Amino acid sequence: MENCKNVWIHCRVVGRDSMELLNFQEHALCDLSYQCGLNIIGISKIVSIDSKNSHYQLEAMNLAIRTGKVDMVLVYTKERISVDKNICDEFLMFCDMCHVKLVTYQQLKEMINL
């Protein structure tokens, strides 16, 4: 974790009726990042039905990854990336290609032994 200082937080829910869960994800991931001394450089909050907004936020995250500004993408669970397994797998490969770690909330908690 020493080499991972710049983190992008990615949050996603399926519908507008889950906005409380979207905010919960953001706050839980931000709090844990601060406890670990990580620098949050971006946050994407996506409601799956808002395709225009999600496209913009995903492109912003991908650009930050591609340009080397991100060391780690932090998600609550890997399923928060996408409901589509192919999109999820391709994002994982993209992170690997760019030497970016994808870390879940639980994995980060275990790393710092909370």
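What you see is a predicted model; the values in this text were computed from it and never measured. In this chain, residues are counted from 1 in sequence order.
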> Can you check side-chain contact (heavy atoms from CB on, under 4.5 Å) on V7 and N39, steps first, answer last?
Replying inline: CA-CA 6 Å; V7 63; N39 180 33; over 6 Å; no

>> Please determine whether side-chain contact (heavy atoms from CB on, under 4.5 Å) holds for the pair D71 and K101, giving the CA-CA distance in whole Å, both sets of side-chain angles, and the decisive distance to 0.1 Å.
In response: CA-CA 6 Å; D71 301 311; K101 292 183 181 181; over 6 Å; no

>> Between T104 and Q106, does the side-chain hydrogen bond (donor to acceptor under 3.5 Å, both in side chains) criterion hold? Intermediate values first, please.
In response: CA-CA 5 Å; T104 67; Q106 191 61 41; over 6 Å; no

>> Walk me through whether W8 and I65 qualify under side-chain contact (heavy atoms from CB on, under 4.5 Å).
In response: CA-CA 9 Å; W8 187 286; I65 291 170; 5.9 Å; no

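Counting only heavy atoms from C-beta outward, the side chains of L32 and K109 approach each other to under 4.5 Å. V103 places a side-chain heavy atom less than 4.5 Å from the side chain of M111. Between C11 and V13, the closest side-chain pair of non-hydrogen atoms is not below 4.5 Å. Put simply, the side chain of V75 does not reach to within 4.5 Å of the side chain of I9, judged on heavy atoms. By the 4.5 Å heavy-atom criterion applied to side chains, V70 and C95 are not counted as neighbours. The shortest distance between side-chain heavy atoms of F91 and L102 falls below 4.5 Å. No side-chain heavy atom of N6 sits less than 4.5 Å from a side-chain heavy atom of M72.
Residues R66 and C98 share a closest heavy-atom pair of CA-SG, 4.4 Å.
For Q57 (side chain) and K45 (main-chain N/O), a donor-acceptor pair under 3.5 Å exists by modelled atom type. Proximity of a side-chain donor or acceptor of Q25 to a complementary backbone N or O of R12 within less than 3.5 Å is detected.
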